[in-house]
Amino acid sequence: MEINLNKLLLSLSYTLDFIEMDVLGVTSNHSKRVAYIANILAKQLNMNDEERFDLVACCILHDNGVTEYMLKEAIKTNSSKRKLVLENFKEHCIISEENLKEYPFLTDVTNVIKYHHETYNGKGFFKKQKNEIPLMSSLIFFGDHLDNVFNLKDTNYNKIENIDKYVRGHSGKLFSPEIVDSYFNVSSKPCFWLDLKDEFISDAIRRNIPNIKMKKSWKQIEKITKIFSLIIDKKSTFTLRHSQGLADKIETMGKYYDKDEIEILKLKIAANLHDLGKLAVSNDIIDKQSKLNEKEVYLVKQHTYYSRISLSNLVGFEDITEWACNHHEKLDGSGYPFGLKAEDLDFNSRLMTCLDIYQALMEERPYRKGLSHGQSMEILKDMANQGLIDNKIVEDIDIVHCNDSLTL
Ligand SMILES: [Fe+2]
Ligand SMILES: [Fe+2]
Ligand SMILES: [Fe+2]
Ligand SMILES: [Fe+2]
């Protein structure tokens, strides 16, 4: 299939941005604005299309490791201090770089994400300075820093004057003089500031970023989405294997039902991305030790809606989006977020629902231990008897699992 990988990333960025919102209180479309600024300055600096294409990808993914990092440190502190905690640790740079080892970049982007907090005068996490810092890293830092300090989606004449003053004042300190010069070349045009507004940023990105389409097989796309499943799973220690476990189980069941290779790969992609919207749910809720209250349940129930928003514009992903985003719908219409009914839910959506519940039951949660196959099947059969989930699929899961155990 022909795909522009950056379009895939930009779609996923809608939910990836929630990571920073949760930790830093950064507002919507942050990574798109970082990508827009870095790309437009890179053009000024004569970077070629392939490099700028990779730069945009790095911008969108610059803080992908923050979720795991949060688990270690930031989550222990109250939200007002989280920004401070994050700024003081460099692990998120290393993890963010590490997570993307398998990503099919077109050029060599080694250390670009790792050094995205380095400053021109060598006061960043790794004390790199001047030309020791990859240009791409400095461009990410420039856009990231300005958006964090000034919230660039919301600017006016006076604020722009202040931003200009700030950039000039930090030339040769935080920022390289070369990047500062490019900034003044582009920021003097009204379109620069208008493009950064929430209502225009998506179009502006489309107009400006290199449109490079690549032929990728479904197998390669599955591999790329697996990177995202790791990012999603790392959101919480309790879901460390959730999407991965679901992808494995859906592959096993796909083979049991004799589905062809492409359908199985698409099902795995759907499994990899099904809980993408969970990135939009605060860790305070996901990791809560006690029972969730009504307001928290209401917020958790939004996650499949966010998954759908992220995936729905991707050409070629239409059936994947259905299978991924219907996993909390129930046959009797009591599920969420749409309250779809049996006639709206195709076989693969039903399969995803059953396996998602099965996978979740077997995992440990803050409030209970993981259940055995037998205990999980009891719950699944009970739900099937109530007309919530597909009876035949539940029986098949039992058969396949029992066969699996015999061969172990
Ligand atoms: Fe960062
Ligand atoms: Fe950022
Ligand atoms: Fe879910
Ligand atoms: Fe799930």
Side-chain angles (χ1 to χ4, degrees), residues 15-17 19-20 23-24 26 30-31 34 38 58-70 73-74 82-97 99-100 112-119 124-126 137-138 140-149 228-229 232-233 235-236 238-250 270-281 285-286 297 299-308 310-311 323-330 335-337 349 351-363 365:
T15 34
L16 284 174
D17 276 345
I19 300 172
E20 293 207 32
V23 189
L24 302 176
V26 172
H30 168 67
S31 53
V34 177
C58 288
C59 286
I60 294 166
L61 297 165
H62 69 280
D63 273 341
N64 73 76
V66 165
T67 36
E68 184 174 3
Y69 169 80
M70 274 174 60
E73 297 298 332
R82 280 184 190 162
K83 180 165 181 157
L84 211 78
V85 172
L86 178 67
E87 298 287 326
N88 283 314
F89 286 86
K90 62 181 178 190
E91 278 83 355
H92 87 278
C93 302
I94 299 167
I95 297 164
S96 299
E97 167 104 14
N99 281 348
L100 299 178
V112 166
I113 290 192
K114 184 174 169 191
Y115 293 149
H116 81 271
H117 279 275
E118 298 309 290
T119 64
F125 291 139
F126 300 91
S137 310
S138 301
I140 298 172
F141 175 72
F142 186 81
D144 190 28
H145 185 83
L146 282 193
D147 196 39
N148 284 335
V149 176
F228 286 93
S229 79
I232 299 161
D233 286 356
K235 168 94 174 165
S236 166
F238 297 103
T239 58
L240 268 181
R241 283 247 341 128
H242 178 70
S243 309
Q244 278 307 290
L246 180 58
D248 291 347
K249 288 183 175 61
I250 211 139
N272 286 340
L273 300 175
H274 80 289
D275 271 340
L276 189 64
K278 270 212 180 139
L279 297 175
V281 182
I285 297 177
I286 290 187
V297 171
L299 292 171
V300 168
K301 284 185 173 179
Q302 296 178 342
H303 79 277
T304 38
Y305 187 87
Y306 287 124
S307 301
R308 185 178 283 275
S310 265
L311 299 175
W323 306 335
C325 304
N326 290 337
H327 71 271
H328 288 294
E329 301 290 352
K330 299 285 175 336
Y336 65 85
S349 294
L351 177 62
M352 191 71 74
T353 304
C354 295
L355 287 174
D356 180 58
I357 301 167
Y358 178 62
Q359 174 66 31
L361 288 170
M362 293 176 69
E363 291 163 16
R365 286 290 180 267

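What you see below is based on every heavy atom in this structure, not just the backbone, and it leaves out hydrogens, waters and symmetry mates. Throughout, residue positions are numbered sequentially from 1 according to the sequence presented. Counting convention: from 1, in listed order, for ligands and their atoms alike.
With the Fe ion (ligand 1) as the vertex, OD1 of Asp63 and NE2 of His92 span 80° to the nearest 10°. The NE2 atom of His303, the Fe ion (ligand 3) and the NE2 atom of His328 define an angle of 90° (nearest 10 degrees).
Panel note: side chain Asp233, backbone Gln244; a donor-acceptor pair is recorded below 3.5 Å. Of the possible polar contacts, none joining the Ser137 side chain to the His116 backbone as a donor-acceptor pair under 3.5 Å is found. A distance-only check finds a donor-acceptor pair linking the side chain of Ser307 to the backbone of Gly277 [under 3.5 Å].
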* To do: Mind running side-chain contact (heavy atoms from CB on, under 4.5 Å) on Asn64 and His92 for me, showing each step along the way?
  => CA-CA 8 Å; Asn64 73 76; His92 87 278; over 6 Å; no
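Nearby protein atoms of type N, O or S around the Fe ion (ligand 4) amount to 4 (distance under 2.8 Å).
Put simply, the residue from Asp356, Ile232, Thr353 that forms a side chain to side chain contact (heavy atoms under 4.5 Å, CB included) with His274 is Asp356.
Taking backbone and side-chain atoms together, His62 has no N/O/S atom less than 2.8 Å away from the Fe ion (ligand 1). Among the atoms of Cys93, no N, O or S atom is found under 2.8 Å from the Fe ion (ligand 1).
A search for salt bridge (Lys or Arg N to Asp or Glu O under 4.0 Å) contacts involving Lys278 returns Asp275, not counting sequence neighbours.
Ala271 and Ser243 get closest at one heavy-atom pair: O-CB, 3.8 Å.
Between His62 and His117, the gap from one ring centroid to the other reaches at least 6.0 Å.
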